[in-house]
Enquirer: 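Have a look at this one.
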Amino acid sequence: MAKVAWPEKGDRKILGSRIPRQDGPPKVTGTAKYSYDINRPDMLWGKLVTSPNAHAELISVDTSVAAAIPGVKAVWVDEELVGDELRYVGQVIACVAADTEEAAIEGAEKVKLQLKALEHQVADDDVALSSGRPSNKEQGNLDEGFAGADVVVEGEYGIAVITHCCLEPHGQVTEVKDGELHVWPSTQNVSRYANQFGDEIEIPQNKIHVDTQYMGGGFGSKFNIDKWGIIGAKLSQETGRPVKIMLDRKEELMIAGNRPSGFAKIKVGLQKDGLISAVDAEVWGSGGQGAFRAPPIPYVFTKVPNTRLVGKGIRTNRGGVRAWRAPNHPQGALLTMSAVDDAAAALGMDSLEFFMKNAALTDRPEVYREELQIAANIIGYRQKAHARGDSGSGPVKRGLGISMHTWGGRGHPSECDVTINSDGSVEAKIGSQDLGTGTRTCIAMVIAETLGLPYEAVTVHLGRNSYPQSGASGGSTTIGGISVSARRAATDALNDLLKTVAGRLGTTDDKLEASAGRIHQIEKAGGGVSWREACSMLGPNSITKRGINNPGESQQEGLISAGVGGVQIADVSVDVETGIVTMNEMVAVQDCGLIVNMKLAESQVYGALIMGITYALYEESIYDSKTGIMLNPDMEFYRLAGIKDVGDLKVHMMTGKGYDDRGIIGIGEPPAISPGAAISNAVANACGVRVPSLPLTPERVIAALQKGGDIA
Amino acid sequence: MNPFEYVAPSDLREASSLLGSRWGQTEVLAGGTDLVTSLKQGITKPKRLVSLKNIPELKRIQVKKNTVRIGAMVTLRDLAANATIQEEFPALVTAIDGIGSSQIINAGTVAGDLCQRPRCWYFRNGFGLLAEDNGDSLVRTGDNRYHAIFGNDGRALFVNASSLAPALIALQAEISIVGAAGREREINAGDLFQAPNNGEDREVALRANEIVSEIKLPRENMQNASYEVRHRHGLDWPYATASVALKIRSGIAREASVVLGHVAPTPWPAVAASNLLNGARVDASLAEAVGEAAARGAKPLSGNAYKVQMVKTAVKRALLAAANA
Amino acid sequence: MSTNHNSSDESGVSRRGFLKGMGVGTVSTGVLSNASLHEARAAEPGVKGPGDTAIVLKINGKNKQLNIEPRVTLLDALRNRLDLTGPKKVCDRGTCGACTVLVDGDPMYACSLLAVEAQGREITTVEGLGTPEKMNAVQEAFIDRDAQQCGFCTPGFVTACSAFVRDNPNASVDEVKNGLGGNLCRCGTYAGMVLAASDAAKEKGSA
């Protein structure tokens with residue numbers, strides 16, 4: 001009898017190994033078909049018409065010129081918006097469908113909008129612009145906390161709005177045919193996509209077929225069907241032809257994902273031994289049209305005895321926010337870690353020593369201390385460390401910076417079917433999706449481990465809503481969810497097979513196990529029958545079992561868990577004559593419980609580091625106050641780090657006792673939390689002054705240096 | 001994007017005759033790295049593109065005794081790979097390397113680099129080259145972090161985007177232009193650029209039916225170098241660049257020329273810096289002073305004072321690199 | 001404008017299914033509103049468009065005939081007319097490199113090149129570099145080093161990298177980074193890419 005519990009370290013054949021991702025070959029050869037790549041017979045191209053104004057009354061929409069353009073087949077207009085207010089640039093008003101992409105673009109350009117401009121507000125960094133009742137959260141007694149402090153330091157910090165900038169934009173191909181709707185969306189949420197059509201489309205959910213085999217990045221922005229999903233269905237219904245609508249880059253950067261900004265005035269009290277005694281934070285920022293939630297401050301140091309957090313939201317006429325990797329944590333980390341590191345510098349305390357000391361104020365002191373030590377060893381902290389600003393006389397100053405983070409990452413509800421066929425083939429069906437995290441590969445590994453088969457023997461089908469439903473890929477919940485549902489299904493299927501085999505071999509199933517491609521007596525590997533032979537005993541039948549991950553139960557059983565800790569240290573150079581920050585090296589030490597695939601887990605951490613370096617140094621959604629437009633809705637001035645910009649990266653995954661035995665925990669988001677803070681602290685350590693806001697552009701670095709008196 | 005005609009004549013004069021007499025009617029297509037983007041952005045809506053790809057003489061580099069003659073359609077890659085250019089004109093090689101993208105360097109051409117449109121984000125977002133709204137400059141009151149700190153007294157506040165121009169001007173290059181009816185003229189490289197003060201003119205001092213045909217680079221044994229300040233280390237637009245060309249005899253600078261890029265609506269000759277340099281002994285303290293001199297007279301807008309510091313550094317470092325060349 | 005986007009191999013193999021039904025359209029006139037240009041047209045036999053014009057592109061070693069407007073980019077011709085969707089549309093402004101193809105062996109941005117301009121040149125897309133069954137050294141190294149996540153930038157990187165490695169066997173890490181400066185990744189796979197490109201360059205150098 002096979003058990004669901006994860007095998008002990010010595011018994012793992014596949015779990016934890018470095019297997020290359022299953023879908024590597026189609027991806028590197030360009031044969032992987034992403035939603036954007038789906039070309040259907042007779043397909044039309046849809047291009048959106050969006051608001052050019054940040055705030056205006058939409059008086060009328062004239063589609064006559066657009067409709068007359070050769071090739072234009074249909075124009076959909078949101079009639080409910082006519083006479084109503086437009087609230088941000090890029091708000092979707094209409095869509096032109098045409099035979100060719102060129103005609104659709106030309107058509108969209110020629111839809112005439114009559115607008116009456118209204119006053120707009122796009123600034124998000126000035127607390128005076130906040131509105132509504134501030135949130136307030138207090139703990140302990142602030143006055144006592146500061147009274148007992150030996151050093152009190154106050155500073156202002158900030159982090160700009162960034163956008164998800166998925167390389168594959170949002171959108172889908174939709175085909176309504178014979179009363180059924182087929183849709184190929186770029187989504188993180190295959191199983192819960194169809195129900196989002198709601199009453200907009202009169203097609204029952206069981207006739208809606210969702211298919212996402214490959215998708216080009218989501219990062220939290222692709223959970224919803226979105227307005228263009230509905231428009232695509234309506235245009236396909238109207239024209240009887242498939243319709244492809246993918247956002248263009250400008251739209252993608254304005255309306256398909258914004259991470260809220262966070263600015264804060266923070267006062268930190270330290271005892272002379274460096275322990276934080278009080279933190280008082282007033283934080284403000286913008287969620288665009290939506291509500292603002294104050295990021296957690298003090299972040300990670302949740303046991304600081306005396307704290308106050310006041311949050312003030314600023315409404316802007318800008319595209320709405322979407323979840324961005326570990327929502328609110330990168331902001332919380334940057335604001336907290338900058339403030340406490342400034343306090344440590346004021347006290348004259350070394351940063352590593354300071355973080356070690358204050359690990360006592362976290363939920364997992366031992367883990368953070370161990371990770372801090374490892375990170376420090378890898379980067380050579382003690383050899384390189386120096387007091388803030390004590391960086392030599394040349395124009396290029398080098399410095400180190402530290403940050404710590406945490407995240408939940410418990411597996412989501414998930415169901416998976418595993419089938420063992422009488423010819424020995426094994427397949428899994430699951431309504432999950434592979435965002436590039438390696439979901440396909442990990443499912444195959446879990447099942448292969450369970451069945452004692454080589455990894456290649458398992459075929460995984462995912463990305464369709466006809467498969468058992470599995471959660472959206474958000475919150476780093478996928479790996480825990482899919483691993484457990486696959487494990488349970490495979491275990492149950494194997495146990496069924498063992499029963500059949502036991503009857504034939506004249507033994508009982510509790511005496512059998514599967515390993516190395518055979519079914520055999522427990523601990524008698526090499527004996528028994530081959531997998532193929534065992535499966536042939538099923539005769540004409542196959543076995544299909546459904547595995548279900550109920551997160552609460554699975555956590556109790558130790559299959560999954562929540563709550564990880566990570567430490568990062570950045571080593572940067574600042575050219576104080578140009579303000580350019582260069583990454584030398586960055587180390588990430590991360591735990592995530594039991595690791596399914598070491599190669600892919602490390603890739604997640606590398607990726608998060610690079611995305612973190614990108615928002616630390618480059619990314620910023622820039623709006624123009626007067627015109628209300630986004631000034632950089634492109635990839636020239638909305639900068640992503642390139643291959644030369646990220647320095648030398650080192651990743652260390654925590655494994656072994658105390659880690660593996662926690663079960664599986666998600667990894668995608670946590671390592672993206674700390675880079676901004678670690679890099680900001682490194683820049684402060686290098687050049688002696690705090691550059692208060694991310695991104696750490698040369699203009700901000702030079703301004704901070706000039707204010708600090710270091711350059712003329 | 002509007003539809004347009006396309007024609008690729010094999011003769012330069014014919015090419016000129018296929019161009020309209022007013023800007024905007026037609027566009028000259030070289031490597032396409034900027035024009036195709038401009039078409040998609042709708043900042044130009046020509047009725048016809050005239051491609052120069054079939055005109056063989058535009059693709060030649062001719063190394064003569066006293067000059068190097070570079071055809072307009074020579075790719076940036078071929079220019080950077082040319083042995084004479086590498087040996088005698090490192091300022092150009094650095095400028096090309098600084099573009100940071102093999103794809104652009106492979107497709108982009110020398111004349112295309114010179115004639116590319118500015119990257120001003122108001123311009124690229126449809127507010128016109130001068131970026132004015134009811135006569136008010138959107139740039140002055142708006143986000144001008146990437147705009148001009150020199151030559152910004154008029155209506156043009158964008159910065160010239162050319163990578164090669166500062167070096168070519170410092171190296172005293174001349175530019176050949178072919179116009180209607182085959183009329184040819186030659187101008188100093190610096191005279192190719194202008195800061196337009198009305199909505200009709202462009203930032204190049206050409207007529208709409210004129211085509212840059214060749215760049216003549218004198219072989220004067222100038223020591224030369226460029227230095228760029230860029231945010232990203234790969235493909236990015238510079239904040240500020242400096243190109244320096246000079247002769248050094250017994251440690252003393254002669255015939256020096258310092259030209260800045262990305263700081264004004266045109267490439268910007270730093271005259272005071274050049275004057276300070278000429279006749280002075282080249283060392284680190286002079287380089288510092290020349291950098292200071294180059295930055296003098298800058299009139300930053302509300303959000304780009306930081307570029308002054310970059311100018312000082314770029315000039316200093318370019319000069320030291322040229323002196324060591 | 002016409003919407004007749006037929007295509008066929010030189011061998012006469014029929015066009016792909018998705019193209020069917022796109023063939024009916026009308027040719028619009030009067031797009032050239034400027035009188036002088038319009039009149040000049042008759043005397044200028046070389047002038048093509050603004051409607052569809054017949055062109056031949058040599059792609060991955062095969063000639064492909066297309067009827068397209070001059071405004072169609074090479075990227076859109078590949079993706080929308082020929083179903084060669086390896087090159088991706090991401091920035092569509094010559095910045096990100098996802099659309100990279102080889103033109104006469106050199107990497108270029110297909111989004112910034114008009115299809116009409118690509119006539120007479122050898123176009124290689126990622127599909128022409130290798131297949132899942134027979135990958136080139138760069139493609140294998142990208143898998144081995146896990147130099148991809150979502151994979152949307154991967155074809156562009158593989159294409160640029162294949163040309164780079166061919167021209168720079170035994171390239172150093174710094175040279176690799178210089179060579180791939182015209183491509184961007186969002187998931188953050190540069191660490192693997194540097195290793196993959198170095199591996200492939202080494203293999204090329206020792207070959």
Side-chain angles (χ1 to χ4, degrees), chain B residues 1-11 14-15 17-22 24-26 29-41 45-54 75 77-78 97-108 112 119 124 230 232-237, chain C residues 1 28 31-34 36-38 40-41 43-51 53 69-74 91-97 99-114 116-121 156 159-160 163-164 167 177-184:
Chain B
M1 197 196 296
N2 284 348
F4 48 76
E5 292 178 346
Y6 166 88
V7 58
S10 54
D11 177 84
E14 191 192 341
S17 73
L18 286 160
L19 289 169
S21 56
R22 285 204 317 272
Q25 293 177 314
T26 55
L29 176 60
T33 54
D34 178 35
L35 180 59
V36 176
T37 284
S38 301
L39 294 167
K40 290 176 193 172
Q41 290 170 328
K45 294 177 179 174
K47 303 281 188 268
R48 175 186 293 163
L49 298 194
V50 178
S51 167
L52 304 182
K53 73 164 187 161
N54 289 334
T75 64
R77 191 196 56 175
D78 286 350
D97 282 349
I99 292 169
S101 159
S102 60
Q103 290 92 328
I104 288 182
I105 290 166
N106 285 331
R119 310 312 302 183
R124 295 282 172 172
R230 287 201 314 278
R232 283 183 296 196
H233 297 84
L235 174 59
D236 207 347
W237 295 102
Chain C
M1 127 198 31
S28 80
V31 174
L32 265 186
S33 56
N34 185 285
S36 66
L37 279 174
H38 202 201
R41 237 177 126 185
E44 295 156 8
V47 175
K48 303 271 183 19
T53 177
E69 299 168 309
R71 65 175 164 172
V72 176
T73 64
L74 176 61
C91 75
D92 203 27
R93 298 288 186 271
T95 312
C96 75
C99 65
T100 300
V101 299
L102 304 183
V103 178
D104 294 334
D106 297 326
M108 291 187 195
Y109 297 136
C111 75
S112 300
L113 191 57
L114 296 177
V116 286
E117 282 275 281
Q119 293 182 91
R121 310 187 77 171
T159 306
F164 172 79
D167 296 341
K177 290 180 176 180
N178 272 330
L180 300 180
N183 293 68
L184 294 170

Enquirer: For the residue pair C/Pro70 and B/Phe4, what are the closest heavy atoms and their distance?
Expert: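 Looking at all heavy atoms of both residues, the closest pair is CG-O, 3.5 Å.
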Enquirer: Which atoms form the tightest heavy-atom contact between B/Lys40 and C/Cys111, and what is the distance?
Expert: NZ-O, 2.6 Å
Enquirer: Check C/Val47, C/Val116, C/Thr53 against B/Tyr6 for a side chain to side chain contact (heavy atoms under 4.5 Å, CB included) and give me the one that passes.
Expert: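 Among C/Val47, C/Val116, C/Thr53, the one meeting side chain to side chain contact (heavy atoms under 4.5 Å, CB included) with B/Tyr6 is C/Val116.
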Enquirer: Shorter than 4.5 Å, heavy atoms on both sides: which option in B/Ser21, B/Ser38, B/Ala107 has the most such pairs with chain C?
Expert: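 Looking at each of B/Ser21, B/Ser38, B/Ala107 in turn, B/Ala107 comes out on top.
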Enquirer: Where does B/Asp236 contact chain C at under 4.5 Å (heavy atoms): side chain, backbone, both or neither?
Expert: neither
Enquirer: Calculate, to the nearest 0.5 Å, the distance between atoms CD and OG1 belonging to B/Gln103 and C/Thr159 respectively.
Expert: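 Rounded to the nearest 0.5 Å, the CD-OG1 separation comes to 9.5 Å.
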Enquirer: Go through the atoms of B/Lys53 and report whether side chain, backbone, both or neither lie under 4.5 Å from a heavy atom of chain C.
Expert: side chain
Enquirer: Can a side-chain donor-acceptor contact be found between B/Ser101 and C/Tyr109 if the only test is distance below 3.5 angstrom?
Expert: yes
Enquirer: Side chain, backbone, both or neither: which part of C/Leu180 has a non-hydrogen atom closer than 4.5 Å to chain B?
Expert: neither
Enquirer: So which heavy atom on B/Asn106 is nearest to which on C/Pro107, and how close?
Expert: ND2-O, 2.9 Å
Enquirer: How far apart are the C-alpha atoms of C/Arg71 and B/Asn2, what are their side-chain angles, what is the distance that settles it, and do they pass the side-chain contact (heavy atoms from CB on, under 4.5 Å) test?
Expert: CA-CA 8 Å; C/Arg71 65 175 164 172; B/Asn2 284 348; 5.6 Å; no
Enquirer: Where does B/Ile99 contact chain C at under 4.5 Å (heavy atoms): side chain, backbone, both or neither?
Expert: neither
Enquirer: State, with a plain yes or no, whether a side-chain heavy atom of C/Leu114 is found less than 4.5 Å away from one of B/Leu49.
Expert: yes
Enquirer: Taking all non-hydrogen atoms of both residues, which atom of B/Ser51 and which atom of C/Glu117 are closest, and how far apart?
Expert: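 For B/Ser51 and C/Glu117, the tightest heavy-atom pair comes out as OG-OE2, 2.5 Å.
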Enquirer: Check whether C/Asp104 gets within reach of chain B through its side chain, its backbone, both or neither, counting any heavy atom under 4.5 Å.
Expert: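 No part of it gets close to chain B.
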Enquirer: Please report the shortest heavy-atom distance between B/Glu5 and C/Gly49, naming the atom on each side.
Expert: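 The answer is CG-O, 3.8 Å.
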